[in-house]
Amino acid sequence: MSTFQVPTVDITPYVTGGTPPDRAAVARQIDSACREIGFIQIRGHGVSPAVADGLASAIDDLFGLPLETKRQWVRPPAENRGYTPPKSESLALSAGVQSSTRMKDFFEAYNVGASVSEHPGDHLLEAHYAENTWPDVHHFQQRVDAWRTGAGRVARTMTTIFADALGLASGFFEGMTRHPIEVLRMNNYALPDGMTVQVDDDLIGMGEHTDYGIVTILWADRSPGLQVLHGGRWHDVSPAEGALLINLGDLTTRLTNEQWLSTLHRVKPPIVDGTIRRRRSAAYFFDGDAEATIGPLPTFVDDEHPALYTQVTVDEHIQAKLAGSRAGILNPGAVREAGRVLQSQE
Ligand SMILES: O=C(O)CCC(=O)C(=O)O
Ligand SMILES: [Fe+2]
């Protein structure tokens with residue numbers, strides 16, 4: 001495996017009010033990172049280490065509980081909330097890639113997100129804004145909500161930079177993120193005691209997929225396992241101490257008519273002495289208003305660049321993705337993502 005590096009960008013000028021030239025320099029760096037890689041490591045994001053430590057400790061307290069205890073917080077597949085036991089989801093199906101012979105992904109997860117009650121008075125497509133189930137873990141909600149608030153702020157800062165970098169009107173993304181679908185998925189990669197699987201190269205923590213929305217803010221501990229597809233090969237990615245990973249989702253790819261890429265990624269934690277080395281991560285998905293319509297923007301379409309996607313609502317797009325990952329229904333709308341995975345396997 002090569003020593004591939006994702007670009008690092010310090011976004012301080014957008015967090016603490018930098019000068020216009022400083023901001024323009026950040027926007028240029030983000031533009032080239034999004035065109036070439038679709039994954040960025042950011043510094044200067046302003047979320048305190050104490051808040052990150054709180055998130056990590058909440059993850060540890062929760063996933064350290066017995067499987068049977070955690071199972072009481074499982075929610076139906078249609079609601080992207082609560083506990084997901086190991087081997088319940090197949091992320092590759094969300095990307096339109098069939099993996100019938102492969103065992104399901106072994107990650108376990110806990111999802112929380114923006115709920116109807118957080119947007120009183122808005123008429124929401126309720127399926128995307130289900131209420132949260134909070135586990136019976138001391139101060140779990142406080143610790144996790146502190147992270148959600150910080151990650152939400154980073155997501156909005158990133159979309160401000162995106163508008164500048166893409167030459168769009170400032171405020172463009174605000175228009176489609178008044179009450180965004182927003183989910184924090186906390187992931188734990190470790191085989192629970194008593195689970196027997198063949199520990200071989202096919203064992204996958206989380207199958208290859210692109211994220212679904214506008215942008216993802218990814219906190220990860222520094223255990224290896226995350227890999228991104230670039231130039232037809234999988235590369236290991238690990239954030240530097242205190243940095244956050246940012247990756248683009250499919251909605252941004254659709255808006256930019258593939259000028260910017262939602263990068264395929266997967267998780268394969270290393271196997272040491274026949275067992276999996278534990279890894280933890282938390283992906284904050286910032287997905288746009290459910291009723292917003294998304295398609296290639298006119299500035300990215302011309303005779304040489306015909307529109308590669310039709311207009312869809314965020315609701316339709318996210319539902320098709322979740323049906324793939326959570327309900328096991330291959331996503332027929334992910335033709336272009338599936339093509340990228342299959343190309344990498346040739
Ligand atoms: O565990 C990781 O680093 C990646 C998680 C991820 O890709 C996701 O939750 O969508
Ligand atoms: Fe992901």
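Quick caveat, the model's predicted, so the values are computed rather than measured.
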Compute the centroid of each ring, for His305 and then for Phe300, and state whether the two points are separated by less than 6.0 Å. no
Using only atom types and a distance under 3.5 Å, with no angle test, would you say the side chain of Glu79 pairs donor to acceptor with the backbone of Ala127? no
Do Val51 and Val144 belong to the same hydrophobic cluster, where Ile, Leu, Val, Met, Phe, Trp and Tyr are linked whenever their side-chain heavy atoms lie under 4.5 Å apart, directly or via other members? yes
Within the distance-only criterion (no hydrogens, no angle test), does the side chain of Asn257 pair as donor or acceptor with the backbone N or O of Pro306 below 3.5 angstrom? yes
Taking C-beta and beyond as the side chain, do Phe106 and Pro269 meet within less than 4.5 Å on heavy atoms? yes
Given Asp105 and Arg266, is the salt bridge (charged side-chain N to carboxylate O under 4.0 Å, His left out) satisfied, shown in steps? CA-CA 10 Å; Asp105 304 348; Arg266 67 181 183 188; over 6 Å; no
For Arg279 and Ser223, work out which heavy atoms get closest and say how close. NH1-O, 2.5 Å
Show the nearest heavy-atom pair for residues Ala155 and Phe286, with the distance to one decimal. CB-CG, 3.6 Å
Ignoring hydrogens and geometry, is there a side-chain-to-backbone donor-acceptor pair from Asn132 to Gly113 under 3.5 Å? yes
Counting only N and O atoms by type, is there a donor-acceptor contact under 3.5 Å from the side chain of Asp289 to the main-chain atoms of Arg178? yes
Got Ile59 and Trp219 here, is their nearest side-chain heavy-atom distance under 4.5 Å? yes
Side chain proximity check, Phe173 to Ile214, heavy atoms < 4.5 angstrom: yes
Counting heavy atoms not belonging to Arg277, are there more than 12 under 6.0 Å from its CZ? no
Asp53 with Arg143: basic N within carboxylate O range, under 4.0 Å: no
Going through the checks in order, is the side chain to side chain contact (heavy atoms under 4.5 Å, CB included) test met by Ile246 and Leu218? CA-CA 6 Å; Ile246 301 292; Leu218 179 62; over 6 Å; no
Out of curiosity, does Leu168 fall in the hydrophobic cluster containing Leu255 (side-chain heavy atoms, cut-off under 4.5 Å, transitive links)? yes
Side chains of Val267 and Ile204 in contact at under 4.5 Å (non-hydrogen atoms): no
Quick check: does any side chain N or O of His317 sit under 3.5 Å from a backbone N or O of Tyr212, one acting as donor and the other as acceptor? yes
Between Arg28 and Asp31, does a salt bridge (charged side-chain N to carboxylate O under 4.0 Å, His left out) hold up when you go through it step by step? CA-CA 5 Å; Arg28 270 197 307 276; Asp31 182 45; over 6 Å; no
Is there a donor-acceptor pair under 3.5 Å between the side chain of Ser115 and the backbone N or O of Glu118? no
With clusters defined by side-chain heavy atoms of hydrophobic residues (ILVMFWY) lying less than 4.5 Å apart, directly or transitively, does Met186 cluster with Trp134? yes
In this structure, OH of Tyr189 is separated from CZ of Phe63 (nearest 0.5 Å) by 10.0 Å
Of the non-hydrogen atoms in Leu184 and Ala282, which two are nearest, and what is the gap between them? CD1-CB, 4.1 Å
Taking it one step at a time, do Gln41 and Val237 satisfy side chain to side chain contact (heavy atoms under 4.5 Å, CB included)? CA-CA 10 Å; Gln41 182 166 230; Val237 170; over 6 Å; no
Worked check of side chain to side chain contact (heavy atoms under 4.5 Å, CB included) between Met158 and Ile11: CA-CA 9 Å; Met158 292 313 299; Ile11 63 167; 4.2 Å; yes
Return yes if some donor-acceptor pair links the side-chain N/O of Thr252 with the main-chain N/O of Leu248 below 3.5 Å, else return no. no
Under 3.5 Å, is there a donor-acceptor pair between the side chain of Asp221 and the main chain of Arg280? yes
Side-chain heavy atoms nearer than 4.5 Å, only ILVMFWY residues, links allowed to pass through others: does that put Val154 and Phe285 together? no
Once you round to the nearest 0.5 Å, how far does CD of Gln227 lie from OG of Ser238? 12.0 Å
Is the distance from the ring center of Phe162 to that of Trp260 below 6.0 Å? yes
Considering all heavy atoms, the nearest Leu67-Pro86 contact: CD1-CD, 4.1 Å
CG of Leu264 to OG1 of Thr210, rounded to nearest 0.5 Å, is 5.5 Å
Given the rule that I, L, V, M, F, W and Y join up when any side-chain heavy atoms are under 4.5 Å apart, are Val74 and Phe140 in one cluster? yes
Just how far is it from atom CG of Leu261 to atom OG1 of Thr263, taken to the nearest 0.5 Å? 6.0 Å
Student check: side-chain heavy atoms of Gln319 and His128 closer than 4.5 Å: yes
Short side-chain donor-acceptor distance under 3.5 Å, Thr19 and Asp22: yes
The test is salt bridge (charged side-chain N to carboxylate O under 4.0 Å, His left out); show your working for Arg148 and Glu182 and say whether it passes. CA-CA 9 Å; Arg148 267 177 69 201; Glu182 176 239 298; 3.1 Å; yes
Close side-chain approach of Lys70 to Pro85, heavy-atom, < 4.5 Å: no
Should we say atom CD of Glu126 is surrounded by more than 12 heavy atoms from elsewhere, each under 6.0 Å from it? no
Strictly below 4.0 Å, N to O, side chains only: are Arg278 and Asp60 in salt-bridge contact? yes
Can a donor-acceptor pair be found, under 3.5 Å and without considering hydrogens, that links the side chain of Ser262 to the backbone of Asp211? no
Compare every heavy atom of Ala283 with every heavy atom of Thr216, then report the nearest pair and how far apart it is. CG2-CB, 3.9 Å
Should Lys321 and Asp287 be marked as a salt bridge (charged side-chain N to carboxylate O under 4.0 Å, His left out) after you check the CA-CA gap, both sets of side-chain angles, and the distance that decides it? CA-CA 12 Å; Lys321 289 282 185 176; Asp287 292 356; over 6 Å; no
Would you please test Asp164 and Tyr14 for side chain to side chain donor-acceptor pair (under 3.5 Å) and show each step? CA-CA 11 Å; Asp164 288 352; Tyr14 274 91; 2.5 Å; yes
Closest approach of Pro296 and Tyr309, non-hydrogen atoms and distance? CD-O, 3.3 Å
Under 3.5 Å: donor-acceptor pair, side chain of Arg43, backbone of Thr12: no
Quick one: CZ on Arg185 to CZ on Arg81, what's the gap to the nearest 0.5 Å? 12.5 Å
When rounded to the nearest 0.5 angstrom, what distance separates CG in Asp136 from CG in Leu62? 10.5 Å
Under 4.5 Å between any side-chain heavy atoms of Pro135 and Tyr83, yes or no? no
Could you walk me through whether Ile294 and Thr313 satisfy the side chain to side chain contact (heavy atoms under 4.5 Å, CB included) test, starting with their C-alpha distance in whole Å, then the side-chain angles of each, then the deciding distance to 0.1 Å, before giving a yes or no? CA-CA 6 Å; Ile294 306 269; Thr313 61; over 6 Å; no
Val112 side chain near Val183 side chain, heavy-atom distance below 4.5 Å: no
